[in-house]
> 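Here it is: the structure, laid out below.
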Amino acid sequence: MTDIETIRVPGRLRGYPGVAFGGYVAGVLAGRTAAKTVRVDFRRPTPVEVPVELAATADGGAVLTGADGVLAVATPDELDIEAPEPPSWDEARAAAEAYRADPPEGTVDCFGCGLDRTPDTGLRQHCGVVPGRDLVATAWTAGPALADSEGMLPPELVWGALDCPGNAAGRLRGTLREGAVTASLTGRLLRPVPVAARLVSYAWVLSEEGRKHRMGVALATAGGDLCAIASALWVDPR
């Protein structure tokens, strides 16, 4: 990509009200880089339904710019974490049901984790605590409306599945506070994800210091094959 491209994030792809879903934004930028592992730093909230400019950078990354300046920057990076063994489908499903029965305070209509979303209108990353494990998880299957022309989950939506689980891990297994935002997301996609596949998303706390909380996040098939992995930095509100 050599020219500036104008894009507009649809309103349905929101995280907080009026703000584009961070995981999707990260996936869009990552898709404009040639690196296998990409770090996306969020500088400002990206608005929905507003034209913003996407351009390549000299280091092989990409930058998203809005009326008030730089919104997000993607750069090639490395990822030095190992995912723990994923929970089983039944464990992840039970964790999701527990989350839906008693969600944390401040839950919003997020494309990634909104409780009122259907498999065709959101990713339903309802990650609850897995008993006996220091992680959270959910079992899910994307609806056919989210598929690309080949019946796969688009890469930017796979990136989306690497976002919200980190918030759940921080809220339920760490000290992350309500209203926290994703400051950066470093991810690597490992294999294509069929929309019809049974999937397990799970996340765990890597470290916490003051307002900063670093989470590990992974996406696997119900059979335990890893599809994607990420390290997410979440920051508490001031």
Side-chain angles (χ1 to χ4, degrees), residues 10 12-15 21-31 36-38 40 79 81-100 103 109-131 133 135-169 182 185-204 215-232:
R12 65 185 178 86
L13 296 172
R14 61 186 174 273
F21 175 42
Y24 173 80
V25 172
V28 170
L29 269 73
K36 293 183 178 179
T37 302
V38 179
V40 178
L79 188 60
I81 64 171
E82 291 188 10
E85 188 73 18
S88 69
W89 171 265
D90 288 341
E91 288 175 321
R93 183 172 57 183
E97 290 173 352
Y99 176 93
R100 286 189 282 266
D109 180 32
C110 172
F111 181 84
C113 61
L115 292 170
D116 293 331
R117 298 284 181 150
T118 70
D120 280 329
T121 63
L123 299 178
R124 294 171 55 81
Q125 300 295 290
H126 303 154
C127 291
V129 171
V130 178
R133 303 283 304 273
L135 49 79
V136 298
T138 188
W140 62 289
T141 299
L146 300 184
D148 63 17
S149 60
E150 298 180 351
M152 310 301 289
L153 193 65
E156 59 268 25
L157 295 189
V158 179
W159 271 83
L162 298 173
D163 190 1
C164 296
N167 182 282
T182 319
L185 186 61
T186 303
R188 183 191 307 142
L189 308 190
L190 303 174
R191 67 181 70 223
V193 180
V195 163
R198 296 197 307 169
L199 301 169
V200 172
S201 294
Y202 60 110
W204 60 100
M215 311 297 167
V217 185
L219 174 66
T221 66
D225 295 323
L226 203 61
C227 300
I229 187 170
S231 171

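All values derive from a computational prediction rather than experimental measurement. The figures here come from the full heavy-atom set of this structure, side chains too, leaving out hydrogens, waters and symmetry mates. Along the sequence shown, residues are numbered consecutively beginning with 1.
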> Of all heavy-atom pairs between Ala137 and Val130, which one has the smallest distance, and what is that distance?
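For Ala137 and Val130, the tightest heavy-atom pair comes out as CB-CG2, 3.6 Å.
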
> Minimum heavy-atom separation for Trp204 to Ile81, with atom names?
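Looking at all heavy atoms of both residues, the closest pair is CZ2-CD1, 4.4 Å.
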
> So, for Cys127 and Val136, which heavy atoms are closest and what is the spacing to 0.1 Å?
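For Cys127 versus Val136, the nearest heavy atoms are CB-CG2, 3.7 Å.
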
> Do you know which two heavy atoms are closest between Cys227 and Val193, and how far apart they sit?
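That closest heavy-atom pairing would be CB-CG2, 3.9 Å.
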
> Within this structure, what is the CG-NZ distance for the pair Leu79 and Lys36, rounded to the nearest 0.5 Å?
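Rounded to the nearest 0.5 Å, the CG-NZ separation comes to 13.5 Å.
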
> Ignoring hydrogens, what is the shortest heavy-atom contact between Gly22 and Asp163? Give both atom names and the distance.
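Nearest pair, atom of Gly22 first, then Asp163: C-OD2, 3.6 Å.
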
> Rounded at 0.5 Å granularity, tell me how far CZ in Arg93 sits from CD in Glu91.
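Taking CZ in Arg93 and CD in Glu91, the distance rounds to 11.5 Å.
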
> Indicate the atoms forming the closest heavy-atom contact of Pro154 with Leu146, along with that distance.
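Heavy-atom minimum between the residues: CD-O, 3.1 Å.
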
> Working to the nearest 0.5 angstrom, can you tell me the gap between Trp89 CH2 and Leu199 CG?
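That separation rounds to 7.0 Å.
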
> Once you round to the nearest 0.5 Å, how far does CZ of Phe21 lie from SG of Cys110?
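It is 5.0 Å, given to the nearest 0.5 Å.
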
> What's the verdict on side chain to side chain contact (heavy atoms under 4.5 Å, CB included) for Tyr99 and Leu115, showing C-alpha distance, side-chain angles and the deciding distance?
CA-CA 10 Å; Tyr99 176 93; Leu115 292 170; 3.9 Å; yes

> What distance do Thr121 atom OG1 and Phe111 atom CZ have between them, rounded to the nearest 0.5 Å?
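Here the interatomic distance stands at 7.5 Å.
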
> Can you tell me how far the CG atom of Leu157 sits from the CE atom of Met152, to the nearest 0.5 Å?
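Spacing of CG (Leu157) from CE (Met152) equals 12.5 Å.
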
> Checking Leu219 against Val158 for the side chain to side chain contact (heavy atoms under 4.5 Å, CB included) test, could you report, in this order, the C-alpha distance in whole Å, the side-chain angles of both residues, the deciding distance, and whether it holds?
CA-CA 8 Å; Leu219 174 66; Val158 179; 4.0 Å; yes

> Check for a donor-acceptor pair, side chain of Arg124 on one end and backbone N or O of Arg117 on the other, with a separation under 3.5 Å.
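Yes; judged by distance alone, with no hydrogens or angles, the pair exists.
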
> Can you tell me if His126 uses its side chain to pair, donor with acceptor, with the backbone of Ala139 under 3.5 Å?
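Not a single qualifying donor-acceptor pair exists.
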
> Donor-acceptor check, side chain of Tyr202 to backbone of Pro84, threshold 3.5 angstrom: yes or no?
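Yes; at least one donor-acceptor contact below 3.5 Å.
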
> Between the main-chain N or O of Leu123 and the side-chain N or O of Gln125, is there a donor-acceptor pair closer than 3.5 Å?
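Confirmed, Gln125 side chain pairs with Leu123 backbone.
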
> Check whether any side-chain heavy atom of Ser201 sits under 4.5 Å from a side-chain heavy atom of Val217, and report yes or no.
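No, their side chains stay 4.5 Å or more apart.
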
